[in-house]
A.B. asks: 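Before anything else, here's the structure in question.
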Amino acid sequence: MSESTVAFSDLNLNSAILKALKQEGYESPSPIQAACIPLLLNGSDVLGMAQTGTGKTAAFALPLLDRINLKLAKPQVLVLAPTRELAIQVSEAFQAYARHMKSFHVLPIYGGQNYGLQLKALKRGPQVIVGTPGRVLDHINRKTLDLSEIQALVLDEADEMLRMGFIDDVETIMAETPKERQTALFSATMPDQIKRISKRYMHSPQEVKIAAKTSTVENIEQVYWKVSGTNKIDALSRILETEEYDGVIIFARTKTATVELAEKLEARGYAASALNGDMSQNIRERTVNRLKSGKLDILIATDVAARGLDVDRIDVVVNYDIPYDTEAYVHRIGRTGRAGRKGKAILFVAPRERRMLYAIERATRQKITEIGLPSRDIVTQKRIEAFKEQLVQVFAAEDLGFYQQLSEQLSEQLETDPTRLASALLYLAQKERPLQLPPEREPRQSNERRDRDDRGNSDDRQGQSKTWDRYRIDVGRDDGIEVKHVVGTIANEASINNRFIGHIKLHDSYSTVELPEGLPQDTLDHLQSTLICGKEMNLEFLDKTRSSDRPGGRGKNKPRVKPHHKKPNKRRDNRNS
Ligand code: AMP
């Protein structure tokens, strides 16, 4: 990413798409986009080694949109995705990129959704279908999905589809699409079965792999925070309040995000400014000079705008949005630790971005330590210290004669002792910017696609569902069933996040599966007739179980790393978070 100089306007995409990208705030193509877009525009098949966070969705969506015939109201692009969440996300991305393309329609189809509604939407003739394999195959079998005009097929997160037991469905669907179609396959890993499919169904695919160069990053302390519960901006505030820093650079993905973040931080009292490609060279230079001279402490930048930035003061880099690739990460954190100084790099990692974290660790050959957020007490303590500092400055520099007299008078008139009066004044002084953080909220369950990687981790499962309903299903080993088939089918058909699918036991002629207590009747009815390995499940309730009844569970409890905050912070008057 960091060294790529390609612009979206160099890629031959039509003006409607370029306009949408501008509105999205995308500054320049990510490496996978720069590599894939020309190939897919050319009609080549592409085999992309890429994970979430690399910008792979736009890498296939943009060129395929460019090739769509808007006058034809029939499916022309079919995207297969392993989960309902990804299908929705990809379909929203298509919608956003095509917002200036008149008569464009995209339709997500996934298990658990009402067939009637899907049929109605299919009749409207969407040009792009994004679906989970099971449901797409259902529609093919019912002859409700017309594949005759499919020009391009995308397999998104192919290794996940394999892991969830959908690969046979995927192959069947591939065989049903026109032979001369274009195919793009994206996968974070390339297991043999995926390679086999690519050989069998793709035409001389061009391989796109963004090389992960290994680089060393010395004298930079690297930590990460797993995004959960607290939202990112509140987390950032807490970190900035407790971290000791001189200059900070915060990396965000889009130009829009740099501006939003800068505004939010300024409102919280930080000397912060955005740095992005929408700003003229002149203003960018002035902004960097203000950072150099100490008029600004925090810059919020995109990768492109921060290229080559060399400011000795920067001692903390925050990767607010994870970079697209390891090279960009190394480039970003290289903005600190200049001139032999020490630096610190903080990375925000959403659960679905965990793979990128591992890739970074491999590329830098360094372990990145997990941190928690500074606690409410620590933040309060910091705010009190900063307030104390202000008082010391007032004692030293201001003539307090008038106020001293006034406070004596007030004390007398209000018949209150000086401490009580001081407490009331303190209360008033901090009212707009409280010294205390509000009490912790219960962490919210995030809607993000955190499902797949988290599965089987008893740490995550604890406290979420201790009592399970155990069911028998009519499909067993003799039918060729594997655990992944059960997980994949139930997750997609019943819309149950696969972290909420409990213990699965396979027997020869049947199997058992634990599901959350009290599932709605219509979900159970739907699962009754859902097929696994071609056989109806015939779900039948057996009993209730408790996860604590089982020794060990499916995963090991990981020790949580405690936050470590050793240094006092440097902070302006920025107490409200
Ligand atoms: P993906 O890897 O496709 O899941 O994309 C990850 C995130 O990066 C999404 O939020 C996209 O909107 C965003 N994104 C993709 N390409 C770009 C780009 N060229 N510039 C800025 N953000 C992007």
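Atoms within a ligand are numbered from 1 in the order they appear, just like the ligands themselves.
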A.B. asks: Is there a nitrogen or oxygen of Ser28 sitting under 3.5 Å from a nitrogen or oxygen of ligand 1?
C.D. replies: yes
A.B. asks: Just verifying a value: how many Å separate Leu13 CG and Leu41 CG, rounded to the nearest 0.5 Å?
C.D. replies: 5.5 Å
A.B. asks: At a non-hydrogen distance cut-off of under 4.0 Å, which region of Gln33 contacts ligand 1 (side chain, backbone, both, or neither)?
C.D. replies: side chain
A.B. asks: Please confirm whether Arg253 comes within less than 3.5 Å of ligand 1 when only nitrogen or oxygen atoms on both sides are compared.
C.D. replies: yes
A.B. asks: What atoms of ligand 1 come within less than 4.0 Å of a heavy atom belonging to Phe8?
C.D. replies: 19 (N)
A.B. asks: Do Tyr320 and Phe251 have their ring centres less than 6.0 Å from each other?
C.D. replies: no
A.B. asks: Indicate the atoms forming the closest heavy-atom contact of Asn276 with Arg284, along with that distance.
C.D. replies: O-CD, 3.6 Å
A.B. asks: Can you sort out which atoms of ligand 1 are near Thr57, meaning under 4.0 Å from one of its heavy atoms?
C.D. replies: 1 (P), 3 (O), 4 (O)
A.B. asks: With sequence neighbours excluded, tell me which residues meet side chain to side chain contact (heavy atoms under 4.5 Å, CB included) with Leu72.
C.D. replies: Asn69, Lys74, Gln76, Glu149
A.B. asks: Any side-chain heavy-atom pair from Tyr224 and Asn319 closer than 4.5 angstrom?
C.D. replies: no
A.B. asks: Tell me whether Gln89 has any N or O atom under 3.5 angstrom from an N or O of ligand 1.
C.D. replies: no
A.B. asks: Judging by distance only, is a nitrogen or oxygen of Gly55 under 3.5 angstrom from one on ligand 1?
C.D. replies: yes
A.B. asks: For ligand 1, find out whether one of its N or O atoms is nearer than 3.5 Å to an N or O atom of Thr54.
C.D. replies: yes
A.B. asks: Is there side-chain contact between Leu185 and Val46, with heavy atoms separated by less than 4.5 Å?
C.D. replies: no
